[in-house]
Amino acid sequence: MNAKEKVIVITGAASGIGRATARKFASEGAKVVVADLNEAGGMETVDLIKKAGGEAAYIKTDVANVQDVEKAVNFAVEIYGSIDIMFNNAGIGGRAPLLEHDPEIYDRVVKVNQYGVYYGILAAARKMKDLGIQGVIVNNGSTFGFLASNRGIIGYHTSKAAVKMMTQCAALELAPYGIRVVGIAPGYVDTPISKRPKDRATGKHMRNELIQPEAIADAVYLLCQDAANVINGSTVMLDDGYAVFK
Ligand code: NAD
């Protein structure tokens with residue numbers, strides 16, 4: 001893949017992993033659409049990219065709203081002429097103990113983390129098919145889609161498990177069009193969503209360090225290369241061994 005010719009839409013790119021990935025792709029020459037609910041953060045990501053000589057544009061997007069996600073994909077095609085990569089990354093936590101759960105919290109978490117990814121797959125795949133683009137869709141899951149390791153975030157765990165299966169199903173259905181779908185499952189990454197005290201989080205990883213968002217961005221970049229073409233339908237653990245050494 002020559003990133004210079006690629007257009008990527010990244011949801012949740014106003015912060016954390018999304019912002020780091022936006023900066024990574026832009027630094028390699030890709031054109032980046034920053035799609036996020038947070039306008040100030042989204043504009044800041046665009047500014048950071050432009051100051052470094054890259055190309056990016058912001059569109060206000062609530063991934064829980066199907067029309068918003070379609071608009072973000074259409075926007076990429078309108079201003080940059082393509083959509084080659086879709087990174088369905090936006091996510092929220094929604095912490096509350098199960099017995100004190102307000103179903104509205106569960107609803108919102110599933111709407112953003114699960115439906116948001118589903119809408120992103122739909123919008124990007126339809127556009128890629130229409131334009132004859134053999135693109136890549138990357139879905140951000142979590143190690144918590146595999147491990148029930150944290151109390152008080154049942155909605156997060158279940159929505160991330162759904163992302164893993166959606167990745168498998170979408171890869172199967174989109175393979176005839178040459179569209180590849182890959183999941184990632186990060187461990188504890190040093191971003192605002194990660195509320196666990198840093199010293200407790202670092203102990204979860206083999207090398208006892210919190211994962212930096214730039215490390216996830218580098219891995220997403222690798223997964224989008226033609227050299228990673230054989231990876232399809234899998235969710236790749238980006239967790240410094242968290243899920244394999246219990
Ligand atoms: P973050 O809080 O820094 O970034 C999340 C971004 O998503 C923010 O910019 C926020 O404005 C945006 N967002 C939230 N709701 C949205 C909505 N409805 N529509 C559009 N944008 C919305 O956190 P992060 O760690 O960078 O999280 C990115 C993704 O990585 C999430 O899906 C998260 O679940 C996943 N993840 C994070 C970790 C971690 O430890 N940080 C681990 C595994 C997976």
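Both ligands and their constituent atoms are indexed starting at 1 by order of listing.
A side chain to side chain donor-acceptor pair (under 3.5 Å) check over residues 76-93, counting only residues at least two apart or in different chains, returns the pairs Glu55-Tyr80, Ser82-Asp84, Asn88-Asn139, Asn89-Asn140. Sorted by first and then second residue, the side chain to side chain donor-acceptor pair (under 3.5 Å) pairs involving residues 5-14 (not counting sequence neighbours) are Asn2-Glu5.
Ala228 is linked by a side-chain contact (heavy atoms from CB on, under 4.5 Å) to Arg180, Ile231, counting only residues two or more places apart in sequence or in another chain.
Not less than 6.0 angstrom separates the ring centroid of Phe25 from the ring centroid of Phe87. Remark: aromatic rings of Tyr58 and Phe75 are distant, center separation not under 6.0 Å.
The side-chain tip of Lys24 points at the ring of Tyr221 from less than 6.0 angstrom away and within 45° of straight on.
A distance limit of 4.0 angstrom between heavy atoms and ligand 1 selects the residues Gly12, Ala14, Ser15, Gly16, Ile17, Asp36, Leu37, Asn38, Thr61, Asp62, Val63, Asn89, Ala90, Gly91, Ile92, Arg108, Val112, Asn140, Gly141, Ser142, Tyr156, Lys160, Pro186, Gly187, Tyr188, Val189, Thr191, Pro192, Ile193, Ser194.
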